[in-house]
Amino acid sequence: MKVYVVDNGGQWTHREWRVLKYLKVETKIIPNTTPFEEIQDLDGLVLSGGAPSIATEGSRMGNNGEYIDKATYPILGICAGMQTMCQHFGSTLGPADMPEFGEVKLTIADHSDIFAGIPDNITVWGSHNDEVKNVPEGFKLLASSPSCKVEAVAHTSRPLFGIQYHPEVENSEYGAEVFQNFLEIIKSQKQ
């Protein structure tokens, strides 16, 4: 299985890569300027978090929109990757009323797919000033927190998933399981 991580300038991109390596996936980190033609043969893609404010500096997210439009394989957007995905489908982004830096109490409402086998309430690690203000059309809400209504989403007909928090850091409970679930989604998609 081959799953690449798109580098959007996030501080934990290498951790996403490391989790995939730990799960025995062929992976590498690629710049977000990589032409889609060079990543057509993948099984999945992770859109990493990023340094830019997507609400005001979305152009710094490179070719993420093209990847979302053209890929037929599953995509997991994390933090800025999720924000870009949601904005691409019409969501409004903006400064959070309560930015999340550190421990976040996550409530999972939908345990299908990306959150399969994970408890209703877990503690995760957030690191964001901006947030997705509304679930985009064609998506469903998977999880929320007291300070962020839209913590995780999934497209209803395509294998697109977005998570606002950082499952790749040790402080996030069930982080490896989220990545393992993403790999299971990829496997089922290939069958």
Exercise. Is there a donor-acceptor pair closer than 3.5 Å between any side-chain N or O of D7 and the backbone N or O of N32?
Worked result: no
For this session: Using the side chain to side chain contact (heavy atoms under 4.5 Å, CB included) rule, pick out the option among L142, N181, D120 that qualifies with H111.
Result: D120
For this session: For A152 and L141, work out which heavy atoms get closest and say how close.
Result: O-CD1, 3.6 Å
For this session: For the pair M85 and I75, evaluate side chain to side chain contact (heavy atoms under 4.5 Å, CB included) and give the outcome as yes or no after the intermediate values.
Result: CA-CA 10 Å; M85 181 182 290; I75 297 177; 3.7 Å; yes
Problem set entry | Presence of salt bridge, R18 and E16, under 4.0 angstrom | no
Problem set entry | Polar side chain donor-acceptor pair, Q87 to Q83, under 3.5 angstrom | no
Exercise. In Å, rounded to the nearest 0.5 Å, how long is the span from CG of N134 to OG of S91?
Worked result: 4.5 Å
Problem set entry | More than 12 heavy atoms from other groups under 6.0 Å of CG on D69 | yes
Exercise. Given E151 and S144, is the side-chain hydrogen bond (donor to acceptor under 3.5 Å, both in side chains) satisfied, shown in steps?
Worked result: CA-CA 5 Å; E151 284 279 0; S144 58; over 6 Å; no
Problem set entry | More than 12 heavy atoms of other groups within 6.0 Å of F179 CZ | yes
Exercise. Looking at H166 versus W12, is the centre-to-centre ring distance below 6.0 Å?
Worked result: yes
Exercise. Passes side chain to side chain contact (heavy atoms under 4.5 Å, CB included), I39 versus Y73? Steps please.
Worked result: CA-CA 11 Å; I39 59 168; Y73 47 73; 3.7 Å; yes
Problem set entry | Point-to-point distance, once rounded to the nearest 0.5 Å, from OG1 of T27 to NZ of K2 | 10.5 Å
Exercise. Just wondering, more than 12 heavy atoms not from E37 lying within 6.0 Å of its CD?
Worked result: yes
Exercise. Under 30°, 30 to 60°, or over 60°: which ring-plane class applies to F139 and H155, parallel, tilted or perpendicular?
Worked result: perpendicular
Problem set entry | Whether Y165 and F115 hold their rings parallel, tilted or perpendicular, with breakpoints at 30° and 60° | parallel
Exercise. For the side chain of N8 and the backbone of G10, is there at least one donor-acceptor N/O pair under 3.5 Å apart?
Worked result: no
Exercise. Between E103 and N171, does a side chain to side chain contact (heavy atoms under 4.5 Å, CB included) hold up when you go through it step by step?
Worked result: CA-CA 8 Å; E103 188 176 285; N171 309 66; over 6 Å; no
Exercise. Hey, is the main chain of G175 close enough, under 3.5 Å, to the side chain of S172 for a donor-acceptor pair?
Worked result: no
Seminar exercise, completed: Rounded to the nearest 0.5 angstrom, the NZ-CH2 distance for K28 and W17 is 12.5 Å
